[in-house]
Amino acid sequence: MNSYFDIIINLSIINYMTKDFDDELIAFVVGNGAGSKYIQSLLDGHPEIYMLPGYPLMYFYPHYKETSKIALDRKDFVSMILDRMPAIYDTTLMPGSETLNKLGKDGIQYLKVEKKVVLKYIMLYLNKKKFNSKNLLLAIHEAHFKFFGTKYYLKKPSKIFYHIHDHFHLKDLKNDFPRLKLISMARRPGLNIARRIRSSILEADSDKLDNLDFTVVKLQSSSKTAYYHYEFVKICSKLKIVPFFIKYDEFIKNESLVINSTLIKIGLLPIIGPLVPTFGGLLHKLRFYEKHRGTSLRKIRLKALQELNRPETNLDKIYNYHILRKKLNNSLIFNALIEILMPTSYEIDLLMNILSPKYILNIFNDLSKIIREKPIIYNMDHGYYIFKWSTPITIIKINTLLKQKQIQHQFSNNYLGDLFFKVLRLLNYFLLILGSYFLYPLHIFMRIILQIKIIYKIKMINRKN
């Protein structure tokens, strides 16, 4: 006999699932831009699209593949997925750097429902459907809408807006949703590459790694953004996806015009009235800017407007030609190649920093903490430590394993074993950091090679159009 709880859930299915979401999904990736969370928060109020706040589902596909390797029934499978991405049902859990646990005007609101209730709802939705990544992704959105979306939508939206964020998972998404439309950010690399390394890649790294792991990551940063840009262009070309670009420069000048023109391009009506940043229907002031950069969104916007007066670099022009699908002329290509052979200001600043006596003393101080302090253990269910493209995953896994072994010996009062792993960790970090110093010029060289490859790739793509 069905319980009262089962009857209520089944009635909810009837009431809220009579109209399924359209499978012409709208996907959103960062591309070579910035400000993606802010733009998503502005789109959150559109009546015809539904989204999960921030990007709790950023690593959905790699999590799905990893979980598929374990022999689990449907319920346990879905339960593990929810454990790996708990912000789906509770934004106070694993909120990342987007401060989803601080919603509302005063930053004290959040989105939360019991995991077992969401699990029950998802299982009922999947009851007569084939169990695959597509249907599970749809089920998660259906459940999220039921428990959070119905509070602020007059009717169920038609489309899902999925902040996949990372283009490395676009192939899986397109396999599931062949009709998907892709929105991406675009920003002048001359203004953005160094900032992107500092304020996005390294910001996430410093937030989630201890000082020694962060030192290793930082010394590898020169080629990261160039790699990301090249792979984005290559993957979109391979999948035959032409993104709808939101140009950051234009967005800064007129947010409403750019947001609404993008909506019209993807077949939706513009938003009526002022744009308000929200997530899950709650006001979101994007407090992570204050947390990480000690500044406000207003100051960031003012600074960006001032920077628009800087002259374009040749690489800027090539990126813009890519968006406009214009053919590259040989003179522009030659000038851009000369330009990228020169060390960037970021690379020179970083070199001066890592060679300073203060920086080197700080490294030795952090090494001494291995002897004096308990190791920090990472949450290895978090996608950052196992999937993020810019994280040295193998290094993180080895370092985490050594930390875990040390703690095991500490708990068992095996002082000799504890000392052995402390020495092993010291030696490991010393060699890693020393090796990273010696390999720093190689990362600059890799940055140059990747930028040459992206120029060639854009040339080939634009020649076809």
Side-chain angles (χ1 to χ4, degrees), residues 97 192-228 291-295 340-378 384-385 388-407 409-410 418-451:
S97 63
N192 195 42
I193 285 183
R195 178 183 286 108
R196 193 80 181 134
I197 295 171
R198 291 189 184 100
S199 67
S200 178
I201 297 171
L202 295 183
E203 207 170 74
D205 294 337
S206 62
D207 191 43
K208 296 180 177 67
L209 298 174
D210 62 32
N211 289 344
L212 289 170
D213 285 331
F214 178 63
T215 298
V216 176
V217 171
K218 190 174 183 178
L219 288 164
Q220 300 175 1
S221 63
S222 294
S223 59
K224 285 183 179 180
T225 299
Y227 170 72
Y228 191 86
K291 174 185 174 184
H292 289 290
R293 302 172 206 172
T295 187
I340 65 176
L341 289 173
M342 304 298 292
T344 66
S345 60
Y346 170 79
E347 289 163 345
I348 294 170
D349 289 345
L350 180 56
L351 181 63
M352 298 301 292
N353 184 28
I354 64 177
L355 293 179
S356 70
K358 183 179 177 180
Y359 191 87
I360 294 169
L361 282 173
N362 283 337
I363 290 176
F364 280 99
N365 182 52
D366 289 329
L367 286 169
S368 71
K369 290 178 182 178
I370 292 176
I371 300 296
R372 296 182 282 113
E373 299 176 4
K374 288 185 178 180
I376 298 171
I377 300 295
Y378 306 131
Y384 171 87
Y385 301 105
K388 191 175 190 294
W389 64 273
S390 64
T391 309
I393 292 168
T394 303
I395 291 172
I396 298 299
K397 286 183 176 179
I398 292 170
N399 293 344
T400 299
L401 178 64
L402 293 175
K403 290 177 183 179
Q404 289 169 340
K405 293 292 185 182
Q406 180 187 334
I407 286 179
H409 288 293
Q410 286 177 345
D418 179 29
L419 179 62
F420 172 77
F421 278 98
K422 283 179 178 178
V423 172
L424 196 60
R425 287 182 62 216
L426 272 171
L427 181 62
N428 177 54
Y429 276 120
F430 182 78
L431 292 175
L432 275 175
I433 293 170
L434 188 64
S436 297
Y437 266 80
F438 280 112
L439 291 174
Y440 181 69
L442 177 62
H443 286 287
I444 296 176
F445 177 72
M446 284 302 301
R447 186 268 301 167
I448 293 169
I449 295 298
L450 287 162
Q451 288 183 321

In the structure I gave you, are the side-chain heavy atoms of [X] and [Y] within less than 4.5 Å of one another anywhere?
| X | Y | answer |
| --- | --- | --- |
| Lys374 | Ile407 | no |
| Thr391 | Val217 | no |
| Lys208 | Ile396 | no |
| Leu419 | His409 | no |
| Gln220 | Ile395 | yes |
| Gln410 | Gln406 | yes |
| Ser356 | Asn353 | yes |
| Thr215 | Ile363 | yes |

Testing the basics here: between [X] and [Y], what is the closest heavy-atom pair and its distance to 0.1 Å?
| X | Y | result |
| --- | --- | --- |
| Leu450 | Ala226 | CB-CB, 3.9 Å |
| Ser390 | Lys224 | O-NZ, 3.1 Å |
| Leu202 | Phe214 | O-CE1, 3.5 Å |
| Leu350 | Ser221 | CD2-OG, 3.8 Å |
| Ser436 | Leu219 | CB-CD1, 3.5 Å |

Look up atom [atom1] in [X] and atom [atom2] in [Y], then write down how far apart they are to the nearest 0.5 Å.
| X | Y | atom1 | atom2 | result |
| --- | --- | --- | --- | --- |
| Tyr429 | Ile370 | OH | CD1 | 6.0 Å |
| Ser368 | Ile371 | OG | CD1 | 8.5 Å |
| Leu212 | Asn399 | CG | CG | 8.5 Å |
| Ile193 | Arg447 | CD1 | CZ | 8.0 Å |
| Tyr440 | Leu355 | OH | CG | 9.0 Å |
| Lys388 | Asp205 | NZ | CG | 6.0 Å |

Exercise. Which word best sums up how the rings of Trp389 and Tyr228 line up, parallel for under 30°, tilted for 30 to 60°, or perpendicular for over 60°?
Worked result: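 Tilted, since the angle between the ring planes falls between 30° and 60°.
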
Problem set entry | Cation-pi check, Lys405 onto Phe420 ring (under 6.0 Å, within 45° of axis) |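 Negative - Lys405 is either too far from the ring of Phe420 or too far off its axis.
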
Exercise. In terms of heavy-atom contacts, does OH of Tyr359 have more than 12 from other residues, nucleotides or ligands at under 6.0 Å?
Worked result: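 It does: Tyr359 OH has more than 12 such atoms within range.
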
For this session: Scan side-chain atoms only and decide if Tyr385 and Thr400 contain a donor-acceptor pair under the 3.5 Å cut-off.
Result: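 Checked: Tyr385/Thr400 side chains show no N/O donor-acceptor pair below 3.5 Å.
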
Exercise. Is a side-chain N or O of Tyr378 found less than 3.5 angstrom from the main chain of Asp210, in a donor-acceptor match?
Worked result: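 Yes, Tyr378 side chain to Asp210 backbone: donor-acceptor pair under 3.5 Å.
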
Problem set entry | Side-chain donor or acceptor of Lys403 paired with backbone N/O of Pro375 under 3.5 Å |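 Absent.
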
Exercise. Sequence neighbours excluded, which residues qualify as salt bridge (charged side-chain N to carboxylate O under 4.0 Å, His left out) partners of Lys369?
Worked result: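 Salt bridge (charged side-chain N to carboxylate O under 4.0 Å, His left out) check on Lys369 returns Asp366.
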
